[in-house]
Asks: 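Supplied in structure tokens, the structure appears directly below.
What you see is a predicted model; the values in this text were computed from it and never measured.
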Amino acid sequence: MEQFTSSFSTEDYWELFWLVRNSVITAAVLGLMGGVIGIFIMLRRSSLVVHGIAEISFAGAALALLAGVDVVAGSAVGAVAAAVLIGILSLRDRDTSAVTAVLMPFGLGLGILFLHLYQGRSANRFGLLTGQVVGVDDLQTRTLVTSAVLISIVLVLIWRPLMFVSVDPQLAAARGVSVGVLSMGFMVLLGLAVAMSVQVVGALLVLSLLVVPSAAALRVSSRPLTVVLLSSGIAVVSAVGGIMIAITGTVPISPYITTLSFLFYVGCLLIGRRRRATSVARQTERSLSKPSQ
């Protein structure tokens, strides 16, 4: 513990903050995007799919790093390919979890192989797994921010039919909604969202940005707009707060982001339980008071 606390320092904090401004901007925008797409991830029970896509995205990024090309592009290609493959196989087998469980170790194994062959800086290899503070340059910032904004806009445009399909796909199909097209389109958007998030929080802990905030928000409210706003706020505070804490020490940003998002989840869980207990107590009180009236 003493070794851990001694690594923190606030000396030249704002100079360091200026160096990681790209990561802060990117993390904030990705957090907002995570709040929008997270509700669909939870409704469709696709949390494991996010992790599976992240593993293939990691393999694509590692291959791009080995080949000396853009890591963001490699990550996006790997993530979209994984998302489409999972979408196609799950439509046929109706078992998304099994398909994802098969692809996850394959993607992780490929990524480890490519990193083993890579002879460059070890920080670049480690950053693909756990995120990195100063690893986002101006070009990558523009790419990540633009992609996150476009993903959010598309989700807003297809909000109602996608929500219908996510809640009750059988009824949506009976009403003439193109369930397969919407589901595949969502998988592509999810793949891109995962690829963008991996650049900040890393492949192993991407769930903390895309899943945990929405899971926390759903413990407090079931209204879609409230869930989106609350989960976006949790994701932004966790990501930006994690970076701002991380620059005071030598520990990677991922432990801070995951800890903050977990604390938010615990807080929302306790609030939700207290609300339910209060609601039950009120209903019980009303039912007991009816005979006396």
Side-chain angles (χ1 to χ4, degrees), residues 1 27-28 30-52 54 95-97 100-101 152 155-156 159-172 186 190 193-194 197 200-201 204-246 253-293:
M1 179 60 69
L30 290 176
L32 294 174
M33 176 202 67
V36 178
I37 200 171
I39 185 173
F40 295 107
I41 295 173
M42 297 304 299
L43 289 175
R44 300 171 71 89
R45 294 180 173 87
S46 301
S47 301
L48 181 62
V49 173
V50 173
H51 193 47
D95 193 352
T96 305
S97 299
T100 305
S152 300
L155 286 171
V156 171
W159 180 272
R160 294 191 66 180
L162 184 58
M163 181 66 70
F164 191 13
V165 170
S166 300
V167 173
D168 195 336
Q170 288 78 19
L171 182 58
F186 173 74
L190 180 59
V194 170
S197 302
V200 174
V201 76
L204 295 181
L205 303 172
V206 71
L207 296 177
S208 64
L209 199 60
L210 295 181
V211 175
V212 177
S214 295
L218 285 169
R219 294 291 181 178
V220 177
S221 175
S222 58
R223 296 180 180 180
L225 181 58
T226 303
V227 171
V228 169
L229 294 176
L230 183 57
S231 61
S232 295
I234 291 173
V236 170
V237 172
S238 298
V240 174
I243 293 174
M244 296 183 71
I245 296 174
I253 65 174
S254 297
Y256 300 111
I257 295 177
T258 54
T259 299
L260 288 174
S261 61
F262 176 74
L263 291 176
F264 274 117
Y265 179 82
V266 172
C268 290
L269 179 64
L270 295 175
I271 293 173
R273 286 185 175 180
R274 184 172 183 178
R275 283 185 175 181
R276 286 193 295 271
T278 303
S279 177
V280 170
R282 288 178 179 176
Q283 291 177 0
T284 303
E285 183 179 354
R286 289 174 183 175
S287 63
L288 292 175
S289 62
K290 282 182 179 180
S292 61
Q293 293 178 353

Asks: How about Val50 and Val206: do any of their side-chain heavy atoms sit closer than 4.5 Å?
Replies: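 In short, these two side chains touch, coming nearer than 4.5 Å.
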
Asks: Which value, rounded to the nearest 0.5 Å, describes the distance between Phe40 atom CZ and Ser214 atom OG?
Replies: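 Here the interatomic distance stands at 10.0 Å.
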
Asks: Please indicate whether Arg276 has more than 12 foreign heavy atoms, meaning atoms of other residues, nucleotides or ligands, lying under 6.0 Å from its CZ.
Replies: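 Yes.
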
Asks: Any side chain to side chain donor-acceptor pair (under 3.5 Å) involving residues 217-230? Give me the pairs, sequence neighbours left out, ordered by first then second residue.
Replies: Arg219-Tyr265

Asks: Find out whether Trp159 and Pro224 are in side-chain contact, i.e. whether some heavy atom of one side chain is under 4.5 Å from a heavy atom of the other.
Replies: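 Of all side-chain heavy-atom pairs linking Pro224 with Trp159, at least one is under 4.5 Å.
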
Asks: Could you list the residues that satisfy side-chain hydrogen bond (donor to acceptor under 3.5 Å, both in side chains) with Ser152, not counting sequence neighbours?
Replies: none

Asks: With rounding to the nearest 0.5 Å, note down the distance linking CD1 in Ile41 to CG in Leu190.
Replies: 5.0 Å

Asks: Using only atom types and a distance under 3.5 Å, with no angle test, would you say the side chain of Ser231 pairs donor to acceptor with the backbone of Val228?
Replies: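 Checked: pair present.
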
Asks: Do the side chains of Leu269 and Arg273 get nearer than 4.5 Å, heavy atoms only?
Replies: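 In contact.
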
Asks: Hey, does Ser197 have a side-chain heavy atom less than 4.5 Å from the side chain of Met33?
Replies: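 The answer is yes, as the side chains (C-beta and beyond) meet within the 4.5 Å cut-off.
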
Asks: With side chains defined as the heavy atoms from C-beta onward, is the minimum distance between Phe262 and Val266 less than 4.5 Å?
Replies: yes

Asks: Using a 4.5 Å cut-off on heavy atoms from C-beta on, say whether the side chain of His51 contacts that of Thr100.
Replies: no

Asks: Name all residues meeting the side-chain contact (heavy atoms from CB on, under 4.5 Å) criterion together with Leu218; count only those two or more places apart in sequence or in a different chain, and write none if there are none.
Replies: Met42, Val227

Asks: If only atom types and distance count, is the side chain of Ser232 paired as donor or acceptor with the main-chain N or O of Leu229 below 3.5 Å?
Replies: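 Side chain of Ser232 to backbone of Leu229, a donor-acceptor pair under 3.5 Å: no, none is there.
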
Asks: With side chains defined as the heavy atoms from C-beta onward, is the minimum distance between Phe264 and Leu230 less than 4.5 Å?
Replies: no

Asks: To the nearest 0.5 Å, how far apart are CG in Leu207 and CG in Leu48?
Replies: 8.5 Å

Asks: Supply the atom-to-atom distance Ile245 CD1 to Ile257 CD1, rounded to the nearest 0.5 angstrom.
Replies: 10.0 Å

